[in-house]
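Here the structure is laid out as structure tokens; the discussion comes afterwards.
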Amino acid sequence: MELNFATQYGMEFDAYLKAYLGFNSREDYINYTMKAEMAYYAYAQQNGLEPTNADIATARAGLIETYKEQYLQSSSKITEAEALSLATSFVDEQLTESDIYQEAIYALVGDHLETQYVMKEIAPTYTSVTKGGSLFDPKAE
């Protein structure tokens, strides 16, 4: 998906990763992404979270809306209808069922976390989280 964005912006993939996502190398991006995906799927499995067809349809609609907004922001000459058409085509032709399923998993995990935890007021640094810190406190019962 990120490679598609780099292509749309006419950028080399590594330059796109640095400019838009802040990764110094493709390997850093891959390592981060794989760990994040594994964490989401493990959390979903541990908590019995499985997307329904409605969850997947909602994820698809959310992706279309996100891409539509990106198309609108990328050009002042594009109409909302054109942006919607481009976004729908992109989601339906460029993304796989797995990509949409993944978005549904992310949403389910996020919703579940919101029911279980409260986001801390002051977010710790990336370093403190990787050394065992947490962004969340358990909700009081």
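Note that the CD1 atom of Ile30 and the CD atom of Glu2 stand 12.0 Å from one another [nearest 0.5 Å]. In this structure, CG in Leu108 is found 11.0 Å from OH in Tyr43, a value given to the nearest 0.5 Å. Interatomic distance, Tyr101 OH to Tyr41 OH, rounded to the nearest 0.5 Å: 6.0 Å. Distance check, rounded to the nearest 0.5 Å: CZ of Phe23 to CG of Asp14 gives 12.5 Å. Of the inter-residue distances, the one linking Glu37 atom CD with Tyr32 atom OH reads 11.0 Å to the nearest 0.5 angstrom. Remark: Glu69 CD to Glu65 CD distance equals 5.0 Å, nearest 0.5 Å.
Glu103 is not listed as a side-chain neighbour of Asp55, based on a closest heavy-atom distance of 4.5 Å or more. Side-chain contact between Tyr16 and Leu21 is present, with heavy atoms from C-beta onward closer than 4.5 Å. Between Ile78 and Leu86, some side-chain heavy-atom pair lies under the 4.5 Å cut-off.
A donor-acceptor pair under 3.5 Å links the side-chain atoms of Thr115 to the main chain of His112, judged by distance alone. A distance-only check finds a donor-acceptor pair linking the side chain of Asp99 to the backbone of Thr96 [under 3.5 Å].
Hydrophobic clustering (side-chain heavy atoms under 4.5 Å, transitive across Ile, Leu, Val, Met, Phe, Trp, Tyr) groups Leu3 together with Met34.
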query: Do Ile64 and Leu84 pass the side chain to side chain contact (heavy atoms under 4.5 Å, CB included) test, and can you show the C-alpha distance, the side-chain angles, and the key distance before you say yes or no?
result: CA-CA 7 Å; Ile64 290 170; Leu84 178 60; 3.6 Å; yes
task: In sequence, state the C-alpha distance, the side-chain angles, and the governing distance for Ile100 and Val91, and then conclude on side chain to side chain contact (heavy atoms under 4.5 Å, CB included).
output: CA-CA 9 Å; Ile100 297 169; Val91 169; 4.1 Å; yes
query: Between Arg60 and Asp92, is a side chain to side chain contact (heavy atoms under 4.5 Å, CB included) present by the stated rule, with each step listed?
result: CA-CA 9 Å; Arg60 179 183 172 275; Asp92 291 344; 3.0 Å; yes
query: Is there a side chain to side chain contact (heavy atoms under 4.5 Å, CB included) between Leu72 and Glu82 once you walk through the steps?
result: CA-CA 9 Å; Leu72 286 170; Glu82 290 168 331; over 6 Å; no
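Among all heavy-atom pairs drawn from Ala19 and Met11, the shortest one is CB-CE, 4.0 Å. Across every non-hydrogen atom of Ala104 and Ala59, the tightest pair is N-CB, 3.6 Å.
For the residue pair Gln102 / Tyr106, a side-chain donor-acceptor distance below 3.5 Å is found, with atom types taken as modelled.
By the neighbour-count criterion of 12 heavy atoms within 6.0 Å, atom CD of Glu12 is sparsely surrounded, having that number or fewer from other residues, nucleotides or ligands.
Classified by interplanar angle (parallel below 30°, tilted 30° to 60°, perpendicular above 60°), the ring pair Tyr67/Phe90 is perpendicular. Ring geometry, Tyr20 versus Tyr9: the interplanar angle falls under 30°, so the pair is classed parallel (tilted spans 30 to 60°).
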